Amino acid sequence: MIEISEKFKVAINVLRDLHATTAKDLTLLITNMETLQKMKTEGLSSYTEEKQATQHQEKVLKDTIHEQSEKLLSQLDDRVNNMIKPLEAYENKTKENFRALELKSTFIKNSIASKDVMKVIKTAGKEKTEKEEIRSVDVTKCKGLPNFVPGCITQQTIASMYGRLEEKMCNTKFNLSRKFKTTFSTVTCMAFNNGSRWICNYSSKKIKHIKLLQDGSIIKKTINLSGVVRMQISNSGDTAAPLIINYAFHISKNNKIIVGAREDGPTFPPNGPRTIIV
């Protein structure tokens with residue numbers, strides 16, 4: 001039980017705190033609405049740009065395909081002209097020979113039917129001398145038209161030529177929690193595992209093991225190696241399979257064997273994990 005005036009003061013303070021909190025929340029909501037409106041506007045603008053880019057790519061591919069089609073058709077026209085013209089000339093010559101031979105056959109037939117001794121003898125001598133050799137068309141010397149071999153069109157090939165949609169990276173803000181200064185001139189590569197940081201420098205042939213503790217203290221240890229490559233913490237046991245051991249190999253004073261392993265194949269460009277195994 002308290003005095004009404006005292007309760008009133010307490011209630012006023014509570015309402016003032018609530019009002020301040022509400023005002024803060026209102027400001028945050030206004031900021032959120034402005035941000036959402038901005039994102040919406042930018043999204044619609046980006047949609048228009050990406051749609052236009054997609055449609056432009058469609059036109060480019062259509063034009064390119066049409067150009068290739070016209071090129072092949074032009075080549076085919078040239079080939080058919082080069083093939084047909086000699087055939088037509090030979091066909092006309094064959095028709096002329098046929099008509100001449102047809103007249104010759106009729107003349108010989110009439111000479112036989114006339115039973116005129118001198119005409120038969122004269123015709124036989126003349127036609128035997130002027131006989132022209134007729135040969136069959138050699139189809140092996142005739143070049144045919146090329147076959148059209150369509151390309152293999154799959155969803156993957158279309159996607160590789162046409163393009164694809166890629167997610168944009170969001171604008172992410174990072175906050176610095178703790179800092180560690182290293183003596184390395186450059187940190188060539190790093191790996192993380194359960195709060196531990198492994199950093200290395202190729203030229204110095206050293207690896208530093210750094211552990212940031214909850215109380216803010218830092219535990220660090222430097223390891224000298226005969227060589228350093230790209231690394232990744234391994235939790236797969238004490239075997240490199242199916243990876244292969246590369247030139248990064250070191251035996252420490254306490255008989256710890258430290259090796260570098262990688263995917264089989266060319267060293268560069270990297271194709272798969274780069275692992276350090278102790």
Side-chain angles (χ1 to χ4, degrees), residues 17 20-21 24-25 27-36 38-39 42-43 46 50 156 159-160 163-278:
D17 291 341
T21 303
K24 183 179 179 181
D25 291 341
T27 302
L28 179 59
L29 289 175
I30 291 173
T31 302
N32 288 345
M33 286 189 293
E34 292 175 349
T35 302
L36 290 172
K38 182 180 177 181
M39 292 174 63
E42 292 177 351
S46 177
E50 299 305 328
Q156 287 77 12
S160 64
R164 63 185 185 277
L165 296 177
E166 286 187 348
E167 296 294 337
K168 290 183 178 179
M169 295 298 293
C170 296
N171 295 326
T172 306
K173 294 182 179 179
F174 295 92
N175 295 321
L176 180 64
S177 58
R178 276 180 284 180
K179 294 190 297 183
F180 169 77
K181 187 174 181 179
T182 176
T183 56
F184 288 160
S185 58
T186 58
V187 177
T188 315
C189 60
M190 64 177 63
F192 302 89
N193 183 40
N194 296 328
S196 293
R197 278 79 172 165
W198 294 82
I199 61 174
C200 70
N201 178 272
Y202 291 164
S203 58
S204 67
K205 298 182 179 180
K206 292 182 179 180
I207 289 180
K208 286 185 181 292
H209 178 216
I210 306 159
K211 191 172 183 65
L212 304 178
L213 302 181
Q214 293 294 332
D215 58 3
S217 59
I218 299 175
I219 299 177
K220 55 185 178 180
K221 180 180 180 182
T222 301
I223 303 171
N224 295 318
L225 300 178
S226 58
V228 180
V229 294
R230 296 188 183 277
M231 62 180 175
Q232 175 180 324
I233 303 300
S234 173
N235 295 317
S236 60
D238 54 3
T239 175
L243 306 179
I244 62 172
I245 303 300
N246 58 12
Y247 65 85
F249 182 87
H250 176 74
I251 300 178
S252 66
K253 292 182 180 180
N254 57 351
N255 293 325
K256 293 287 186 181
I257 300 176
I258 305 173
V259 296
R262 62 176 176 84
E263 289 276 357
D264 194 6
T267 305
F268 293 100
N271 181 24
R274 297 290 193 266
T275 305
I276 285 184
I277 302 173
V278 180

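Keep in mind that what you see is a predicted model, and the values were worked out from it rather than measured. Scope of the values below: all heavy atoms of this structure, side chains included, with no hydrogens, waters or symmetry mates.
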Which distance, rounded to the nearest 0.5 Å, do you find between the CG of D25 and the CD1 of I30?
11.0 Å
Between CD of E34 and CG of L29, what distance do you get to the nearest 0.5 Å?
11.5 Å
In Å, rounded to the nearest 0.5 Å, how long is the span from CG of N32 to OG1 of T27?
11.0 Å
Which heavy atom of I207 sits nearest to which heavy atom of W198, and what is that distance?
CG2-CE3, 3.3 Å
Please name the pair of heavy atoms, one in K206 and one in F184, separated by the smallest distance, quoted to 0.1 Å.
O-CZ, 3.6 Å
L28 CG to T21 OG1 distance, which is reported to the nearest 0.5 Å:
12.0 Å
